[in-house]
Novice: 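Structure below; questions to follow.
Just so it is clear, the structure is predicted and the values come from calculations on it, not from any experiment. Naming convention: chains lettered A, B, ... in sequence-line order (proteins, then strands); numbering from 1 in each chain.
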2 protein chains.
Amino acid sequence: MPKVSPVLLDEQLCFSIYSASKKFNHFYQGALAPFGLTYPQYIAMLVLWEDAPLTVHQLGDRLELDSGTLTPLLKRLEKQGWVTRVRSRTDERQVLIHLTEMATAKRDEVYQRIGQCQTLLGMSNKEIDTMMTELVTVKEQLDNVSNNRLITKKVDDLD
Amino acid sequence: MPKVSPVLLDEQLCFSIYSASKKFNHFYQGALAPFGLTYPQYIAMLVLWEDAPLTVHQLGDRLELDSGTLTPLLKRLEKQGWVTRVRSRTDERQVLIHLTEMATAKRDEVYQRIGQCQTLLGMSNKEIDTMMTELVTVKEQLDNVSNNRLITKKVDDLD
DNA sequence: TTCCAGAGTATTGTATACAATTAAATTGCT
DNA sequence: AGCAATTTAATTGTATACAATACTCTGGAA
């Protein structure tokens with residue numbers, strides 16, 4: 001075994017991102033509490049407000065979530081009156097997610113609320129852009145690398 | 001209702017971070033598969049390798065997780081032979097998490113594996129530092145703002 | 001010493017995530 | 001048309017997260 005450096009939690013980029021993600025989640029969940037939306041429910045609504053109706057699959061592509069997560073989430077949104085789930089007539093495999101009238105009516109209220117949150121965050125557009133660009137780079141690396149042999153072979157087989 | 005701008009998913013910093021966090025999670029989970037560790041289990045082990053034994057509370061402080069998450073996670077780590085959970089004799093309320101011999105023995109293997117992952121990511125230490133500094137700023141803002149009235153009052157009460 | 005407020009952990013209930021499997025519908029191929 | 005391969009959602013099982021609650025223990029006040 002070659003000499004190995006210690007791995008410290010506080011130096012891990014992954015933990016910084018994991019931790020920030022949880023804080024964002026908590027922040028938006030609190031801010032959206034008056035609407036009764038969780039963070040994942042909120043991002044689903046964002047996509048639908050952009051372009052409804054969508055199939056479960058299309059929504060999953062945008063959110064990077066599969067039906068195992070979305071099906072129960074959408075059932076909860078339906079129960080709370082935000083969306084309707086309708087089997088497509090032209091392709092019975094698909095389920096189309098439509099906005100309800102309530103969802104359409106409340107869109108601008110939510111948009112405004114989110115705008116207030118972004119103001120509270122106190123970051124300039126430039127800062128946000130910079131950070132998002134860096135994150136895109138990291139995510140691309142992670143995508144590229146996820147098919148690497150490192151994660152497909154046993155550790156013992158490595159040099 | 002004042003004029004409101006649309007909120008687009010692809011412009012949301014929170015979604016970039018949420019998405020990156022999931023990709024990191026997936027990446028490490030794959031890389032650590034030979035050890036049978038999930039990502040949260042791995043970060044728990046990182047902290048314990050730095051400074052075991054720790055109480056559940058101390059571990060939770062480092063990881064920003066509560067006993068509701070940690071108790072079952074630690075039971076799984078115990079079942080897999082990484083840690084032992086022992087009631088403190090001096091204070092029966094506390095449970096001390098100790099490393100097993102196996103955990104101590106495998107530490108450098110895991111460290112090495114993580115080192116390889118970081119190399120694969122292809123980021124310089126400078127780039128990583130920059131990004132982590134920015135993330136700290138965002139997290140501080142989120143902490144400061146989480147007690148704001150925005151998230152403690154009903155939306156109707158807002159100006 | 002007895003009682004009680006607070007600390008530490010576990011438990012319960014709800015909501016994600018995601019791999020793996022199932023089931024139904026559609027497409028493509030012959 | 002007939003049928004295998006594919007597509008799409010839903011389901012199942014495991015593992016986080018976290019709020020709220022329960023329970024036990026500890027230390028201090030009366």
Side-chain angles (χ1 to χ4, degrees), chain A residues 14-15 18-30 32-33 36-44 53-61 63-80 82-83 85-97 146 151-152, chain B residues 15 18-30 32-33 36-44 53-61 63-80 82 85-97 146 151-152:
Chain A
C14 58
F15 183 72
Y18 163 80
S19 165
S21 177
K22 286 196 302 175
K23 280 191 206 294
F24 258 122
N25 191 305
H26 182 261
F27 173 53
Y28 276 108
Q29 204 119 334
L32 296 170
L37 291 172
T38 66
Y39 178 72
Q41 289 167 6
Y42 151 68
I43 57 172
L54 290 173
T55 67
V56 174
H57 190 81
Q58 290 170 325
L59 193 54
D61 278 347
L63 300 176
E64 299 170 48
L65 293 171
D66 66 13
S67 69
T69 302
L70 284 178
T71 295
L73 184 152
L74 291 168
K75 285 182 178 172
R76 285 187 283 271
L77 282 179
E78 184 175 45
K79 190 190 250 184
Q80 292 168 42
W82 293 95
V83 303
R85 297 161 61 251
V86 187
R87 280 276 163 199
S88 165
R89 275 189 230 171
T90 56
D91 185 341
E92 288 276 344
R93 289 171 303 183
Q94 300 182 137
V95 169
L96 287 167
I97 313 300
S146 277
I151 72 159
T152 55
Chain B
F15 183 72
Y18 163 80
S19 165
S21 178
K22 287 197 302 175
K23 280 190 206 295
F24 257 122
N25 191 305
H26 181 261
F27 172 53
Y28 276 109
Q29 204 119 332
L32 296 170
L37 291 172
T38 66
Y39 179 73
Q41 288 167 6
Y42 151 68
I43 58 172
L54 290 173
T55 67
V56 173
H57 191 82
Q58 290 171 324
L59 193 54
D61 278 347
L63 300 177
E64 299 171 49
L65 293 172
D66 66 13
S67 69
T69 302
L70 283 178
T71 296
L73 185 152
L74 291 168
K75 284 182 179 174
R76 285 187 283 271
L77 281 178
E78 183 175 46
K79 191 190 249 182
Q80 293 167 41
W82 293 95
R85 298 162 59 253
V86 188
R87 282 274 162 200
S88 164
R89 273 189 233 173
T90 55
D91 184 342
E92 289 276 344
R93 290 171 302 183
Q94 300 182 138
V95 170
L96 287 167
I97 313 300
S146 276
I151 72 158
T152 53

Novice: Could you work out which one of C:dA24, C:dA17, C:dT11 sits closest to the side chain of A:R93?
Specialist: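 So the nucleotide nearest the side chain must be C:dA24.
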
Novice: Roughly how far apart are B:F15 CZ and A:E64 CD, rounded to 0.5 Å?
Specialist: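 Separation between the atoms: 5.0 Å.
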
Novice: Quick one: pull up OH in B:Y42 and OH in B:Y28 and give me the separation to the nearest 0.5 Å.
Specialist: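 Result: 5.0 Å between the selected atoms.
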
Novice: A:T55 and A:R93: side chain to side chain contact (heavy atoms under 4.5 Å, CB included), yes or no, with the steps?
Specialist: CA-CA 10 Å; A:T55 67; A:R93 289 171 303 183; over 6 Å; no

Novice: Nearest to the side chain of A:P40 - C:dA10, C:dA17, D:dC18?
Specialist: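 Selected nucleotide: C:dA17.
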
Novice: Out of C:dA15, C:dG8, C:dT11, which nucleotide sits closest to the side chain of B:T71?
Specialist: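 Nearest to the side chain of B:T71 among the choices is C:dT11.
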
Novice: Anything under 3.5 Å between a donor and an acceptor, one on a side chain of residues 68-79 of chain A, the other on a protein residue two or more places apart or in another chain? List them.
Specialist:
from, atom 1, to, atom 2, distance (Å)
A:T71, OG1, A:S67, O, 3.0
A:E78, OE1, A:R85, NH1, 3.3
A:E78, OE2, A:R85, N, 3.1

Novice: Quick check on D:dA17: is either OP1 or OP2 less than 4.0 Å from any side-chain nitrogen or oxygen of A:Y39?
Specialist: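 Checking A:Y39 against D:dA17: no side-chain N or O falls below 4.0 Å of OP1 or OP2.
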
Novice: What nucleotide among D:dA17, D:dA10, C:dA19 has an atom nearest to a side-chain atom of A:R85?
Specialist: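 The answer is D:dA10, which lies nearest to the side chain.
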
Novice: If the cut-off is 4.0 Å, is A:Q41 near the phosphate of C:dT16, judged by side-chain N/O to OP1 or OP2?
Specialist: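 For A:Q41, the contact criterion (side-chain N or O under 4.0 Å from OP1 or OP2 of C:dT16) is met.
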
Novice: With the side chain of A:R87 defined as its heavy atoms from C-beta on, choose the nearest nucleotide among C:dA15, D:dA9, C:dT11.
Specialist: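 When the side chain of A:R87 is considered, D:dA9 is the closest of C:dA15, D:dA9, C:dT11.
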
Novice: Output the rounded distance in Å from CG (A:D66) to P (D:dA10).
Specialist: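 So the two atoms are 12 Å apart, to the nearest Å.
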
Novice: Rounded to whole Å, please give me the gap between CG in B:L74 and P in D:dA15.
Specialist: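 Interatomic distance, CG of B:L74 to P of D:dA15: 14 Å.
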
Novice: Counting just side-chain N and O atoms, does B:H26 come under 4.0 Å of either OP1 or OP2 of C:dA19?
Specialist: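 Yes, because at least one side-chain N or O of B:H26 sits under 4.0 Å from OP1 or OP2 of C:dA19.
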
Novice: Among the candidates C:dT16, D:dA19, C:dG8, find the nucleotide nearest to the side-chain atoms of B:H57.
Specialist: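 Taking heavy atoms from C-beta onward, the closest nucleotide is C:dG8.
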
Novice: Is B:E64 touching bases, backbone alone, or none of the nucleic acid, heavy atoms closer than 4.0 Å?
Specialist: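 Since only primed, P, OP1 and OP2 atoms lie under 4.0 Å of B:E64, the category is sugar-phosphate.
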
Novice: Which one of A:F27, A:Y39, A:F24, A:Y18 satisfies the ring-ring contact (aromatic ring centres under 6.0 Å, His included) criterion with B:Y18?
Specialist: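 Filter result, single survivor: A:Y39.
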
Novice: Using whole Å, report how far CG of A:L70 lies from C1' of D:dT11.
Specialist: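 Rounded to the whole Å, the gap is 14 Å.
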
Novice: Assign A:T90 to base, sugar-phosphate, or nothing according to its heavy-atom contacts below 4.0 angstrom with the strands shown.
Specialist: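 Sugar-phosphate, no base atom in range.
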
Novice: Can you measure A:K75 atom NZ to D:dA10 atom P for me and round it to whole angstrom units?
Specialist: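 Rounded to whole Å, this separation is 6 Å.
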
Novice: What is the distance, to the nearest angstrom, from the CG atom on A:L73 to the P atom on D:dA9?
Specialist: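 The answer, rounded to whole Å, is 15 Å.
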
Novice: Nearest whole angstrom, please: distance from the P of C:dT14 to the CG of A:L37.
Specialist: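 Rounding to the nearest Å, CG of A:L37 and P of C:dT14 are 19 Å apart.
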
Novice: Which of these nucleotides, D:dT26, C:dA19, C:dG8, is closest to any side-chain atom of B:D91?
Specialist: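 Closest nucleotide among those given: D:dT26.
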
Novice: Under 4.0 Å between any heavy atoms, over every strand shown, what does B:L65 touch: base, sugar-phosphate, or nothing? Just pick one.
Specialist: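 The answer is sugar-phosphate, as B:L65 gets under 4.0 Å only of primed atoms, P, OP1 or OP2.
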
Novice: What distance do A:Q29 atom CD and A:Q41 atom CD have between them, rounded to the nearest 0.5 Å?
Specialist: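 Nearest 0.5 Å value for the CD-CD distance: 8.0 Å.
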
Novice: Consider the side chain of B:E92, meaning its heavy atoms from C-beta on, and name the nucleotide among C:dG8, D:dT26, D:dT11 that approaches it most closely.
Specialist: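 Nucleotide nearest to B:E92's side chain: D:dT26.
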
Novice: Could you state the CD1-P distance from A:I97 to D:dA10, rounded to the nearest angstrom?
Specialist: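 Whole-Å distance recorded here is 7 Å.
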
Novice: Round to the nearest Å and state the distance from B:L63 atom CG to D:dC18 atom C1'.
Specialist: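 Distance, rounded to whole Å: 15 Å.
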
Novice: Considering just the side-chain nitrogens and oxygens of A:K22, establish if one lies under 4.0 Å of OP1 or OP2 belonging to D:dA17.
Specialist: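 No, A:K22 has no side-chain N/O under 4.0 Å of OP1/OP2 on D:dA17.
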
Novice: Name the nucleic acid region contacted by A:T38, choosing base, sugar-phosphate or nothing; use a 4.0 angstrom heavy-atom cut-off, strictly under.
Specialist: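 Contact class for A:T38: sugar-phosphate only.
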
Novice: Taking the side chain of A:T55 as heavy atoms from C-beta outward, which of C:dA17, D:dA9, D:dA15 is closest to it?
Specialist: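 Nearest listed nucleotide: D:dA9.
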
